[in-house]
Amino acid sequence: MKVLFDANLPFALAHGGAQIQIEQTRKGLEEAGAEVEWLRWWDDQQKGDLIHYFARPHPAYIRQAQAKGMKVVMSELLTGLGSRSAMARKLQKFFMIVASRVLPKEFTERLCWDAYQLADASIALTSWEKKLMIDMFGAPSERVHVVPNGVEEIFFSKAESKAEKSKYLVCTATITERKRVVELAEAAIMAQVPVWIIGGPYSMEDPYYLKFMEVVHGSNGLLRYEGGIRDRGEMAKVYEEAPGFVLMSSMESLSLSALEAAAGGCPLLLAELPWARASFGSRATYSPLGSREEEARKLKEFYHGIKKVARPPVPCRWMEVGKQLLGIYETLLQATTSR
């Protein structure tokens, strides 16, 4: 079996979790026995049995691939949609219905809403995303499969480890508005809870990043920030030594950093959002977003009561993810050959 990977955003333009997800998914599939290549758009001689597209492809893309005898699997991160209120989602669904009836087909096809109905399979990271794919885009339920992200082996806690715990809670996130690191930093100062924030901005000139640096410099050492950590072994050591992990992001699909922290045995404090509940259930601590005072109170309660909070479930390894995806691919291809 040869699988072709394709995506809509070059890694060079936006670092972050999507790149890790795609690269590690490929590695997991190869370990499970699949042959994986990057789709070479310029190579008209490239062959493959199946395309796995990491985003929402244009309907014409899906139809053309299927006409060539290739199955199409899509993995879209419904980060924004999954974090909106129920009322906002209802309004969006109403707009989609009206638009599909009154606007030209050529226009609505550009929005790629039909991709979920045309793709041979869709991969959701959580049960919450599966529900969105079915309810919002009409994806056939039998074609939507929940396969969570995995975690690299290096992050899994070693039972014999005697690592001394740091005083800092750790937050791993890109320094950008939706990750709400400024708001977390302000809440930490209000609660007098030490937090080590790890990550870089998309641009050193970003006003949000500059505001974040102002807050860090004014924290009198309560906040620790030294940029990002690229070395995966060093990052695993940070999680192992951290007393807990905190992420107050306003939008997520399934946070890779939260999964990595969970693999290291870190208790989790997460924003009260559906993705988090679907992923960790009662084995994480949650904070509503909005009020800085409420966030500070939750942060303080979590930090000082951390020995009593539940530990998160052990996440999948990437090879396990690869095996799950390989099973889905094989089922799709067998259905073709049996016809």
Query - E293 with R297: basic N within carboxylate O range, under 4.0 Å - result: no
Going by chain and number, the hydrophobic cluster around Y61 (ILVMFWY, side chain to side chain under 4.5 Å) further includes L4, L39, W41, W42, I51, Y53, M70
Give a yes or no on whether a salt bridge exists between K211 and E177, defined as a side-chain N under 4.0 angstrom from a carboxylate O. no
With a 4.5 Å cut-off on side-chain heavy atoms, are M235 and I154 touching? no
Taken to the nearest 0.5 Å, the spacing of I189 CD1 from L222 CG works out to 6.5 Å
Steps toward side-chain contact (heavy atoms from CB on, under 4.5 Å) verdict (L289, E295) | CA-CA 7 Å; L289 299 180; E295 291 175 22; 4.1 Å; yes
* Any chain of hydrophobic side-chain contacts (each under 4.5 Å) joining L259 to L269? -> no
Heavy atoms of Y208 and V181 approach each other most closely as OH-N, 3.2 Å
Using a 4.5 Å side-chain heavy-atom cut-off and chaining through intermediate ILVMFWY residues, the residues clustered with F95 come out as M74, L78, L81, F94, M96, V98, V102, L103, F107, L111, W113, Y116, W128, L132, M133, I134, M136, F137, V144
(request) Decide whether V170 and M248 are clustered together by the hydrophobic rule: side chain heavy atoms of Ile, Leu, Val, Met, Phe, Trp, Tyr closer than 4.5 Å, transitively. (result) no
>> Quick one, S253 and W275 - any side-chain contact, counting heavy atoms below 4.5 Å?
In response: no
Looking at S287 and K298, would you say the former's side chain and the latter's main chain have a donor-acceptor pair under 3.5 Å? no
* Asked: Between the side chains of N149 and Q24, does any donor sit under 3.5 Å from an acceptor?
  -> no
Nearest heavy-atom contact between A65 and V72 is CB-CG2, 3.6 Å
Next item on the list: Check whether any side-chain heavy atom of R317 sits under 4.5 Å from a side-chain heavy atom of F156, and report yes or no.
Entry: yes
Given side-chain contact (heavy atoms from CB on, under 4.5 Å), test L50 with M1 step by step and report yes or no. CA-CA 8 Å; L50 179 146; M1 179 194 301; 5.7 Å; no
Query raised in the report: So do the side chains of Y329 and D49 get within less than 4.5 Å of each other, counting heavy atoms only?
Result: no
- Note, E23 side chain near F5 side chain (heavy atom, < 4.5 Å): no
Neighbour count >12 (heavy atoms, 6.0 Å) for atom CD, E205:
no
Exercise. Applying side-chain contact (heavy atoms from CB on, under 4.5 Å), run through W38 and I22 and close with a yes or a no.
Key: CA-CA 10 Å; W38 305 118; I22 294 169; 3.7 Å; yes
When rounded to the nearest 0.5 Å, the distance separating CZ of R232 from CD of E152 is 4.0 Å
Side chains of I62 and D114 in contact at under 4.5 Å (non-hydrogen atoms): no
Taking every heavy atom of V195 against every heavy atom of L184, the minimum-distance pair comes out as CG1-CD2, 4.4 Å
Kindly determine whether Q334 and E330 satisfy side-chain hydrogen bond (donor to acceptor under 3.5 Å, both in side chains), including the steps that lead there.
CA-CA 6 Å; Q334 287 168 3; E330 288 173 343; 5.1 Å; no
Between A276 and A271 the two heavy atoms that sit nearest each other are CB-O, 3.9 Å
**Message:** Apply side-chain contact (heavy atoms from CB on, under 4.5 Å) to residues K323 and L326 and explain how you reach the verdict.
**Reply:** CA-CA 5 Å; K323 287 180 177 178; L326 188 58; 5.6 Å; no
* Asked: Is a side-chain N or O of E241 found less than 3.5 angstrom from the main chain of V238, in a donor-acceptor match?
  -> no
Item to complete: Check whether any side-chain heavy atom of I306 lies under 4.5 Å from a side-chain heavy atom of L169, and answer yes or no.
Response: yes
Exercise for review: Following the transitive rule for hydrophobic clusters with a side-chain heavy-atom cut-off under 4.5 Å over Ile, Leu, Val, Met, Phe, Trp and Tyr, establish whether V309 and Y286 coincide in one cluster.
Suggested key: no
Task: Cluster link F245 to V314, ILVMFWY, side chain under 4.5 Å - done: yes
CZ of R311 to CG of L268, rounded to nearest 0.5 Å, is 10.0 Å
Practice prompt. Give a yes or no answer on whether the side chain of Y168 reaches the backbone of L223 with a donor-acceptor pair at less than 3.5 Å.
Written response: no
Applied to residues 75-95, the salt bridge (charged side-chain N to carboxylate O under 4.0 Å, His left out) test, sequence neighbours excluded, yields R56-E76
On a heavy-atom basis, the closest approach of L273 and M251 is CD1-N, 4.3 Å
d(K71 NZ, L332 CG) to nearest 0.5 Å is 6.0 Å
| field | E252 bridged to K179 by N-O distance under 4.0 Å | value | yes
Donor-acceptor pair, Y239 side chain versus A262 backbone, under 3.5 Å? no
TODO: Just do the salt bridge (Lys or Arg N to Asp or Glu O under 4.0 Å) check on E30 and R26 with the steps written out, would you?
DONE: CA-CA 6 Å; E30 290 175 336; R26 177 181 180 174; 3.1 Å; yes
dist C266:SG -> K165:NZ (nearest 0.5 Å) comes out at 6.0 Å
When every non-hydrogen atom of A115 is compared with those of P57, the smallest separation belongs to CB-O, 3.4 Å
Checklist line | Backbone of G150 reached by a side-chain donor or acceptor of W318 within 3.5 Å | finding: yes
Value for CZ (R180) from CD1 (I175), rounded to nearest 0.5 Å, stands at 13.5 Å
Please say yes or no: joined through hydrophobic side-chain contacts below 4.5 Å, possibly via intermediate residues, are V246 and L270 part of one cluster? no
Self-check item: Backbone N/O of R178 and side chain of S250: donor-acceptor pair under 3.5 Å
Solution: yes
I'd like to know if K237 and D231 make a salt bridge, using a cut-off of under 4.0 Å between side-chain N and carboxylate O. no
key: Test item: L77 and Q21 side chains (from C-beta on) under 4.5 Å apart, heavy atoms   = yes
